Amino acid sequence: MTTPVHSHNSFEVQGANVKIEDEFITSDYVYRSTKVSENGRGGITVEPTETRYSFKTDRRVPKTGVLLVGIAGNNGTTVLGGILANKHGLAWNTKDGVQQPNYYGSLSQSTTTFLGCNQNRQIFVPLKSVLPMVDPSDLVIDGWDINGATLDVAMQRACVFDYGLQQKLAPYLSQRQPMKSIYYPDFIASNQSERADHVYDGDRACAQHLAWLRRDICNFKAKHSLDQVIVVWTANTERYSEVIAGVHDTVEHFLQAIENEHTEVAPSQMFAAAAILEGCAFLNGSPQNTFCPALIALARARGVFIGGDDFKSGQTKIKSVLADFLVSSGIKPEAIVSYNHLGNNDGKNLDEHKQFRSKEISKSDVVNDIVQSNQILYAHDERPDHCVVIKYVPTVKDSKRALDEYTSRIFMNGSNTIVLHNTCEDSLLAAPIIIDLVVFTELFQRIEWKTCADDDSSAFQPFDSILTVLSFLLKAPLVPKDAPMVNALFKQKACIENILRACIGLPPINDMLLEYKTKSFK
């Protein structure tokens, strides 16, 4: 038996299918898949397929800015504070001793990936070493908020960081105040009104609001001499917007609806429109239906990435693992009950039904594709009983409590129950996910592809505007119409790893290790 090795050395890929130059990495890659079709005899035919791709990755990492919608909230101050602590090496004391900053919880910064085998040992390297990625400490961060507190006060109010770290961060945050935001009371809970003291006039969408948001993005980019900006919604969960024909269906109708001050255009849709119109990627970290058909069409027309919905940090991440484990083991979950209570402002906002309903949908749908893949266990249209409960308990603040019960049918109709209790430090789990969303979105803006069947003179092109590769980080992944929905966590992770490998000319990780299973050991 051999043990894995984490290599700290840099590596280079040698092969006829990859060319590494100062500015670009170009790889030729054979994508092998299977095509399934009905054969007309009541059965199906499975055909192995091959598609030859070329990938081109720009090695030059641009100066990147991030605008957080809701920067004075728990997530916003945790992202900014965490990056500042890492950038400046801020250590702090707790009862457990001296603490050092890190990026634990980040897929891009704190995980390794299988590179290959060296004789009899598996070699792992940091995922961030596969392709050039932006260093989170180099990100320039600002944002909007409906509350005008300086960011040191907002950080203290969040009650996320240890007091010793808050003291170290305060000098970096005390002179920083969010930009004014827009506030449409009908879309978030009524209990947020007392917090909304830093907003533009007007309680509904209008052309002036859109112009102001676009101006803010332009000014931020110019002030810091940025090459690009990524906008992230980490503000309150909105109620679902009613998708109306003549309003949300086409770009022309949507922009006209803003001009007409239509009341069913949500704040998140305004920020998304402003970002896309300025050529900036927009990532939705809340569960509401921000991406209406018009915004998706606008993103595609402008060649801008969008991604969503809802950060996948604690309870739902475990659910996407456990449901996959049970069904993949031939065990039939019949009831999944998820209860949680939290005391931060997110919990306060979710205390009203319309906002809770948005969250309930994103938390519930995470097992659908896993269940639908197995009709040995589930009859057509059969689903597990699935209940989600969220309660607001101010005392626990950002330290969310999650209790899950999985009741499953096992061999000979026996019953098995798994009960989990999880104390989720909500924002400390969400912050590295926000960082990863930015890091991977920036990276994929530098990757282009073409099929080798194309003429050699054909141009490379970007990935589709709906950036489904971000699914690992999101509860309810946004996918194109008629594209597969994948919620199983490790399939989502494998997608990221294998696309990165394709860009440097390496085959996908398949875990077969046939060289050892077909070897005669003495």
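What you are looking at is a predicted structure, and each value in this text was computed from that prediction instead of being measured.
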Could you walk me through whether T423 and H421 satisfy the side-chain contact (heavy atoms from CB on, under 4.5 Å) test, starting with their C-alpha distance in whole Å, then the side-chain angles of each, then the deciding distance to 0.1 Å, before giving a yes or no? CA-CA 7 Å; T423 300; H421 182 272; 3.4 Å; yes
Step-by-step side-chain contact (heavy atoms from CB on, under 4.5 Å) determination, F311 to T234: CA-CA 9 Å; F311 306 133; T234 183; 3.6 Å; yes
Please step through side-chain contact (heavy atoms from CB on, under 4.5 Å) for the pair V232 and V79, ending with a clear verdict. CA-CA 11 Å; V232 183; V79 169; over 6 Å; no
Verdict with supporting geometry, F11 and S129, side-chain contact (heavy atoms from CB on, under 4.5 Å): CA-CA 9 Å; F11 69 89; S129 70; 3.6 Å; yes
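Electrostatic pairing of D135 and K128 does not count as a salt bridge here, judged by no charged N lying under 4.0 Å from a carboxylate O. For E497 and K493, the salt-bridge test passes: some basic side-chain N is under 4.0 Å from an acidic carboxylate O. At a threshold of 4.0 Å, the pair K397-D426 does not count as salt-bridged, since none of the basic side-chain nitrogens sits closer than that to a carboxylate oxygen.
For the ring pair (Phe, Tyr, Trp, His ring centres under 6.0 Å) condition, the pairs that include at least one residue of residues 82-109, sequence neighbours left out, are H88-Y172. Applying the ring pair (Phe, Tyr, Trp, His ring centres under 6.0 Å) test to residues at least two apart or on different chains, the pairs with a partner in residues 137-157 are W144-F271. Residue pairs meeting the ring pair (Phe, Tyr, Trp, His ring centres under 6.0 Å) criterion with at least one partner in residues 58-83, sequence neighbours excluded, do not occur; the list is empty.
Of the possible polar contacts, one joining the S328 side chain to the D324 backbone as a donor-acceptor pair under 3.5 Å is found. Side-chain N or O atoms of N422 include none that pairs as donor or acceptor with a backbone N or O of A402 at under 3.5 Å. Side chain of E238 to main chain of S268: a donor-acceptor pair is present (N/O by atom type, distance under 3.5 Å, no hydrogens or angles). No side-chain donor-acceptor contact under 3.5 Å links N284 to the backbone of G308. Q269 places a side-chain N or O within donor-acceptor distance of the main-chain N or O of T290, the cut-off being under 3.5 Å. For D138 (side chain) and K63 (main-chain N/O), no donor-acceptor pair under 3.5 Å exists by modelled atom type. A donor-acceptor pair is defined here as one N or O able to donate and one able to accept, closer than 3.5 Å; no such pair exists between the side chain of H224 and the backbone of V140.
Residue D216 comes nearest to K180 through the heavy atom pair OD2-O, 4.3 Å, listed as atom of the first residue, atom of the second, then distance. Nearest heavy atom pair, residue L428 against residue F161, reads CD2-CE2, 4.1 Å. Closest approach of T77 to A154, counting heavy atoms only: CG2-CB, 3.7 Å. Of all non-hydrogen atoms in V469 and I499, the two that sit nearest each other are CG2-CD1, 4.1 Å. What you find for S471 and P477 is that their closest heavy atoms are OG-CB, 3.3 Å. Closest of all the heavy-atom pairs between Q492 and V486 is NE2-O, 2.7 Å.
Between Y184 and H209, the ring-plane angle classifies as parallel under the 30° and 60° cut-offs. Relative ring orientation between H8 and H6 is described as parallel, the plane-to-plane angle staying below 30° on a 0-90° scale split at 30° and 60°.
Residues passing the side-chain hydrogen bond (donor to acceptor under 3.5 Å, both in side chains) test with D404 are Q315, S338, sequence neighbours excluded. Considering only residues two or more places apart in sequence or on other chains, D96 meets the side-chain contact (heavy atoms from CB on, under 4.5 Å) condition with T94, Q99.
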Pairs under 3.5 angstrom only: tabulate donor-acceptor contacts from the side chains of residues 438-445 to other protein residues two or more places apart or in another chain.
from: T441; atom 1: OG1; to: L437; atom 2: O; distance (Å): 2.6
from: E442; atom 1: OE1; to: R446; atom 2: NE; distance (Å): 3.4
from: E442; atom 1: OE1; to: R446; atom 2: NH2; distance (Å): 2.9
from: E442; atom 1: OE2; to: Q228; atom 2: NE2; distance (Å): 3.4
from: E442; atom 1: OE2; to: R446; atom 2: NE; distance (Å): 2.7
from: Q445; atom 1: NE2; to: Q228; atom 2: OE1; distance (Å): 2.3

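Within the model, atoms CG of L478 and CG of D310 stand 12.5 Å from one another, a figure rounded to the nearest 0.5 Å. Taken to the nearest 0.5 Å, the CG atom of D398 stands 4.5 Å off from the CG atom of N74. R302 contributes atom CZ, which lies 11.5 Å from atom SG of C280 (distance to the nearest 0.5 angstrom). Taken to the nearest 0.5 Å, the NZ atom of K391 stands 15.0 Å off from the NZ atom of K400. How far CG of L473 is from CG of L489: 9.0 Å, rounded to the nearest 0.5 Å. We find the OG1-CG distance between T395 and L342 to be 12.0 Å, quoted to the nearest 0.5 Å.
When each of N344, N345, D152, N147 is paired with R157, the side-chain hydrogen bond (donor to acceptor under 3.5 Å, both in side chains) condition holds for N147 and for no other.
Within a 6.0 Å radius of CZ in F490, other residues, nucleotides and ligands contribute 12 heavy atoms or fewer.
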